[in-house]
2 protein chains.
Amino acid sequence: MASGPAETTQAATDSDALSSPSPTPQTRQTRVRRREGAIISAARNMFVTHGYAGTTMAMIAREAGVADGTLYTYFENKDALARGVISDFYKRLTESSQKGVDGRRTTRTKLDFLARHHLGQVMDERGIIEMLPALTTSLSDYAGSELYRLNKTYVAVFDRIVREGRACGDIPGDADVSVLRDIFYGALDYGGKSLMMRSLRDGVRKADMTRLVDRLVGMIVGTSSSARSVADRLELAADRLEASLKQVENK
Amino acid sequence: MASGPAETTQAATDSDALSSPSPTPQTRQTRVRRREGAIISAARNMFVTHGYAGTTMAMIAREAGVADGTLYTYFENKDALARGVISDFYKRLTESSQKGVDGRRTTRTKLDFLARHHLGQVMDERGIIEMLPALTTSLSDYAGSELYRLNKTYVAVFDRIVREGRACGDIPGDADVSVLRDIFYGALDYGGKSLMMRSLRDGVRKADMTRLVDRLVGMIVGTSSSARSVADRLELAADRLEASLKQVENK
DNA sequence: GAGACAGTTGAAGCCTATTCAATTTCATCG
DNA sequence: CGATGAAATTGAATAGGCTTCAACTGTCTC
């Protein structure tokens, strides 16, 4: 009881709260939406740091500043809450990916950006995506789920690049797009785990990431490294520099 | 109580029980080992059909024909039991992979076999490997675990093929083996999931698997499909024929 | 056959997801 | 401005599954 007029302190994560800068005239609906954001954010924090099994609903409730029971007015159960966190992740990932891809000119630089971005995001919030298998008892119900739809939307970013790249002759061969997609995302997910394991020993090595991405993208667009245009190489170098700078600034 | 002198019905999986064909003179030790096999086998069945979260220790105990408490004399807890199942899987996988690879002559046919074998095994016992993320709260404790060691032993099969292939000029380029490994297994795991999803709609398509494997292996050994030797192509065709035959015979 | 002991048992304890009756909040209306 | 009721919230009670452990059983040794 008590707890005052719900002081949603943690609500302001960064995703979609804060839309109305006015402090008082919150309608009930916006407050509810804001609280949902707080719950998802709290759940994400807990899941990322303690894993799915290691976080209790009570932990999430405490972190979100609500009572245990409140969680169940927003999500049917723990699984559904985890799915909500994954959905949120996919949405952010798709949007930022598409935005970054749109800012690149050539097929190679688009793929290069997409690969680095995917790796970075998945490594940052590792554990989010890894919850997925645990939530998917049968493939057949996953096939009809919202998560599957969101995943399809996300990988569509890659599919478009490949189709356009093929149309303008950048991507040789006639392999099915789905094959290239499997190779691309499979290698990135697996490689991301490898990179994290290695970074435990040797610290994060940008060079390792670059080697993987170069080889992978090189396998898809036919040209060997030496055949890249000067413009391409400059653009890629700029990308990498910016990424490194951003990392340095965050420290 | 009762349950008689442990009738380990389910024990005879195929892995490592049955070593002594004599029926009566079981020493206490062999009975214990056999029972451990029965428990792992029961757990595997339950995990594969109901998933990790969906199977209770009581279910496993019933399937194995033991009391709930007995499970804890063999495995510390549910997680450890799941790890035992995965260990067993890796051991069988490594052995059968190495055996198959040893029976192939060229780099390409070795890789081709390894890819198909991995895909087939992972698809058959899908869910086993997928439990892994749920059991790995922190990367750092995974790095020191038996599972990590077993995984390294398994992928060493691939590593050897690559090193030998490079030595005899079959594999061009100077990319780090770890990069190729990430691409190889990543693409197979991700592709395996894709194949299973698609097979829900269209039924299993051998052709889809072939497309993925051909492309993937082709990316590693440099030669394009047209440049393969006749002997290679014959051997590959024989492999595929035999695999298909085995499937038909099993029905 | 007695003693020792590894292996087994299953009911009890504990922890956590989930429910739900009671309470509080708040937009609306007289 | 207070009354009204729907929506939202609460947290104690419930239920179910993992894990423990004191008692028991079968086997081996002398």
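Here is the naming used below: chain letters follow the sequence lines, and residue numbers restart at 1 for every chain.
A:I39 has its CD1 atom 11 Å from the C1' atom of D:dT9, to the nearest Å. The separation between A:D68 atom CG and C:dT23 atom C1' is 17 Å, rounded to whole Å. One interatomic measurement links the two molecules: CD of B:E36 to P of C:dA6, which rounds to 18 Å at whole-angstrom precision. Computed from coordinates, the A:M57 CE to D:dT9 P distance equals 15 Å when rounded to whole Å. Following rounding to the nearest Å, A:M59 (CE) and C:dT16 (P) show an atom-to-atom distance of 10 Å. Between the CZ atom of A:R31 and the P atom of C:dT24 there is a distance of 17 Å, rounded to whole Å. Atom CZ of A:R62 is separated from atom P of D:dT10 by 15 Å (rounded to the nearest Å).
Residue pairs meeting the salt bridge (charged side-chain N to carboxylate O under 4.0 Å, His left out) criterion with at least one member in residues 46-58 of chain B: none, sequence neighbours excluded. Within the structure, the salt bridge (charged side-chain N to carboxylate O under 4.0 Å, His left out) test picks out no pair touching residues 74-85 of chain A (sequence neighbours left out).
A search for side chain to side chain donor-acceptor pair (under 3.5 Å) contacts involving B:S96 returns B:H117, not counting sequence neighbours. With sequence neighbours left out, B:E146 forms a salt bridge (charged side-chain N to carboxylate O under 4.0 Å, His left out) with B:R149.
Near-neighbour residues of DNA chain C inside residues 70-85 of chain B, defined by a heavy atom below 4.0 Å, number-ordered: B:T70, B:T73, B:Y74.
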Determine all donor-acceptor pairs shorter than 3.5 Å in which one atom belongs to a side chain in residues 177-189 of chain A; sequence neighbours excluded.
from	atom 1	to	atom 2	distance (Å)
A:S178	OG	A:D176	OD1	2.9
A:R181	NE	A:D159	OD1	3.0
A:R181	NE	A:D159	OD2	3.4
A:R181	NH2	A:D159	OD2	3.0
A:D182	OD1	B:S194	OG	2.8
A:D189	OD1	A:H118	NE2	2.8

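Side chain of B:S199 to backbone of B:M196: a donor-acceptor contact under 3.5 angstrom is found.
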